[in-house]
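First up is the structure itself, then whatever we jot down about it.
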Amino acid sequence: MSTATLPADSVGLVSPRTLQVTTPLQLECGVTLPSHELVYETYGTLNAERSNGVLICHALSGDHHAAGYHSLEDRKPGWWDSCIGPGKPIDTNRFFVVALNNLGGCKGSTGPTSINPQTGRRYGPDFPVVTVRDWVASQRELQAALGIERWAAVAGGSLGGMQVLQWAIDASDRLRHAIVIAAAPKLSAQNIAFNEVARQAILSDPDFHAGRYYDHGVLPRRGLMLARMLGHITYLSEDAMRAKFGRELREGRLNFGFDVEFQVESYLRYQGRSFVERFDANTYLLMTKALDYFDPAREFDDDLAAGLRQSQARFLVISFRGDWRFPSSRSREIVDALVEAGRDVSYVDIASRQGHDDFLMPIPDYQGALGGYFDRIAADLAR
Amino acid sequence: MSLRPDLAIISRWIEPGSRVLDLGCGDGTLLDYLQRTRAVHGYGLEIDGDNVNAAIRRGVNVLQVDIDQGLGQFRTASFDYVVMTQALQAVNHPARLLEDMLRVGREGIVTFPNFGYWKARVALGLRGRMPVIDSLPAQWYETENVHLCTVQDFEALCRNLSIAIRHRRVVDWQHRSNWAMQRAPNLLGEIALYSLSGAGRAGR
């Protein structure tokens, strides 16, 4: 790909930066990290009032590369390029967009693959279990380092949306708008069950070596691949799977064996295999635990409205009708709590059929709602 | 752009600083007006995606939900007013929804096209055709209206449900009014506007 072919509405070539957080971070699990690193990217320009910052929180397997390209050879842009860029819903002509790799991640921020300064070895399974709340605390360090008193908005989908909700509860005077997409106020038993099967797939892989696979020069490939295959089943609706693959056979005939025969098998194996090349199994375990533990209402006697009553943020909640991982009814729980708490909230339920992954897709109604809301934020900032 | 006169009438029935739920809020015009002139805090419910996006751009709180599913998600007495303009005749269960409105809100405000309006009667009674008039512009096979009623029908339902009528106004489709219309609302009123309360209902 040459420069001339980079799309006009792309943020273009970007490169990540690293923040050294030297303030000790006390984690919920009791461990204190004396220091940590956060890798992040920014798109657009911070205005003189430092009021146009937008924080993007990533989902389970996301990272700091939310938009643009790292090199002209990149086949694909960042994971939320459909929504971030000049003239896009999160318009980088008006907003200063910040995306980071969360603590515990495997794309450069301190995590299981980092060297533990106390042992000189990779953390591996010794890396502490981090929570959504810990992530918000660490993201506040990034906010402070960038000199941003208050985000214009914090936005994210899925596990990213959960971080947004936690922001609105823990640091509501530090953000004006909270945009919670395809999320849930906490996981259901079914959600946790899927995560547990994914974890068991990794933990029972003989190459896992109790999380010390780095020392053995191997990767728990089969386990991580299975975990990802399972994940992908939950990211697509049944309709979408039927439309995409049906019962189509790769070779057009039955082979009466256990090799790949149906297209859907081929798709899942491809997704699983390619994931193994770019993701760390220990991080996957940590991310699924952060999901399972997320329950911001717990400290308010299971009353989410009580937790949101003091929040100063205004909310946009978006769900997708084809999503069965976090269906619309789960977003409605968040909306109902916000209405009960008397908070400002708009809620959009997008008619889509793809499934949970719809939050990454360029669906016109979705982009219209998101773009309209950000237009409004920009108008309020200009006042 | 000046506000639709029916919305101006409604806003006079609403106390400043109150909590308002607007069922079928469209592009959020009424809520926007009430926020600016009456300092209300409100939410609109709307099913149409384009309307939802328009309301978001206005800076109105809008929730994309189907009011035909009822208001079960909203707590009893959690709003001062529940408003529904020009939607009663298009919902699946008008009586149930009216009761639900007065459960969730202290007062209800409802507007609907009066099927007893003389032009509707002429169309049906003399010409033998379903009326296509300013307040009912769609053909029978295209309309979203499924529960059309007259002023007298509506007031009979209110009596059955022990709903108290606090105010009634009837206007023409341009929302103008005159003395004669208020004297013979069922014949001369094209659009009816009601302010309701559940005060007369048992246990309240």
Side-chain angles (χ1 to χ4, degrees), chain A residues 89 153 176-181 185 303-306 309 313-321 327-352 363-383, chain B residues 17-32 34-36 39-83 100-101 103-106:
Chain A
R176 290 179 192 282
H177 296 269
I179 299 167
V180 181
I181 305 169
D303 182 358
L304 187 59
R309 202 154 279 135
R314 305 181 66 171
F315 290 78
L316 174 66
V317 178
I318 302 179
S319 61
F320 298 89
R321 287 179 212 164
S328 300
S329 56
R330 306 306 314 276
S331 286
R332 266 308 288 277
E333 291 175 34
I334 299 171
V335 172
D336 292 340
L338 286 164
V339 170
E340 197 186 325
R343 299 298 90 205
D344 281 319
V345 54
S346 283
Y347 166 58
V348 186
D349 188 29
I350 302 294
S352 69
I363 300 167
D365 280 349
Y366 169 40
Q367 298 209 316
L370 195 60
Y373 195 81
F374 269 96
D375 282 351
R376 190 71 204 182
I377 297 175
D380 286 346
L381 284 179
R383 250 189 271 174
Chain B
S18 46
R19 279 170 61 84
V20 177
L21 185 65
D22 184 0
L23 310 186
C25 71
D27 63 5
T29 304
L30 174 66
L31 274 178
D32 186 30
L34 293 175
Q35 280 173 16
R36 286 187 284 106
V40 305
H41 188 258
Y43 305 90
L45 308 187
E46 176 59 44
I47 193 68
D48 178 76
D50 291 339
N51 277 337
V52 168
N53 285 358
I56 284 175
R57 282 179 185 277
R58 272 180 199 277
V60 163
N61 290 323
V62 59
L63 313 180
Q64 188 168 25
V65 299
D66 184 358
I67 56 175
D68 272 330
Q69 303 295 313
L71 306 179
Q73 310 266 10
F74 297 95
R75 287 197 177 216
T76 298
S78 52
F79 287 88
D80 297 309
Y81 303 92
V82 181
V83 182
D100 225 8
M101 286 174 72
R103 175 187 66 79
V104 171
R106 196 164 49 79

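Chain A is the first sequence line, chain B the second, and so forth, proteins listed ahead of strands; every chain is numbered from 1. Keep in mind that this is a model prediction, so the values were computed, not measured.
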pair [X]-[Y]: side-chain heavy atoms closer than 4.5 Å:
X: Arg343(A); Y: Asn61(B); answer: no
X: Ser78(B); Y: Glu340(A); answer: no
X: Asp27(B); Y: Arg58(B); answer: yes
X: Leu23(B); Y: Val83(B); answer: no
X: Val339(A); Y: Phe74(B); answer: yes

**OP:** Sort out for me which of Leu63(B), Val65(B), Val52(B) touches chain A most, counting heavy-atom pairs under 4.5 Å.
**Re:**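 Top option by heavy-atom pairs under 4.5 Å: Leu63(B).
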Subject >> Any donor-acceptor N or O pair under 3.5 Å, side chains Thr76(B), Arg103(B) >> reply: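 On atom types as modelled, these side chains qualify, holding a pair under 3.5 Å.
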Original post:
Residues two or more places apart in sequence or in another chain: which of them pass side chain to side chain donor-acceptor pair (under 3.5 Å) with Arg19(B)?
Top reply: none
Original post:
What are the two closest heavy atoms between Asp100(B) and Leu71(B), and how far apart are they?
Top reply: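 For Asp100(B) versus Leu71(B), the nearest heavy atoms are OD2-N, 2.8 Å.
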**OP:** Measure across Val60(B) and Gly28(B) and return the closest heavy-atom pair with its distance rounded to 0.1 Å.
**Re:** CG2-O, 3.7 Å
Contact part of [X] toward chain A, heavy-atom cut-off under 4.5 Å: side chain, backbone, both or neither?
X: Val62(B); answer: both
X: Asn53(B); answer: side chain
X: Arg57(B); answer: both

Subject >> Nearest-0.5 Å distance that lies between atom CZ in Phe374(A) and atom CG in Leu381(A) >> reply: 10.5 Å
Need one label for [X]: side chain, backbone, both or neither, based on atoms under 4.5 Å from any heavy atom in chain B.
X: Val335(A); value: side chain
X: Leu338(A); value: backbone
X: Asp349(A); value: both

Original post:
Is it true that the NZ or CZ of Arg106(B) lies under 6.0 Å from the centre of Tyr81(B)'s six-membered ring and within 45 degrees of the ring axis?
Top reply: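 So Arg106(B) does make the cation-pi contact.
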Original post:
Under the side-chain hydrogen bond (donor to acceptor under 3.5 Å, both in side chains) rule, what pairs show up with a residue in residues 364-373 of chain A, not counting sequence neighbours?
Top reply: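 Found His177(A)-Tyr373(A).
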**OP:** Name, in order of residue number, those residues of residues 313-320 of chain A that have a heavy atom at a distance of less than 4.5 Å from a heavy atom in chain B; otherwise write 'none'.
**Re:** Arg314(A), Leu316(A)
Original post:
Which residues from residues 40-48 of chain B are near chain A, with near meaning under 4.5 Å between non-hydrogen atoms?
Top reply: His41(B), Tyr43(B)
Tell me which of these, [options], has more heavy-atom pairs under 4.5 Å with chain B than the rest.
options: Ala351(A), Ala379(A), Ser328(A), Gly368(A); value: Gly368(A)
options: Ser346(A), Gly372(A), Ala369(A); value: Ser346(A)
options: Asp344(A), Val348(A), Asp375(A); value: Asp344(A)

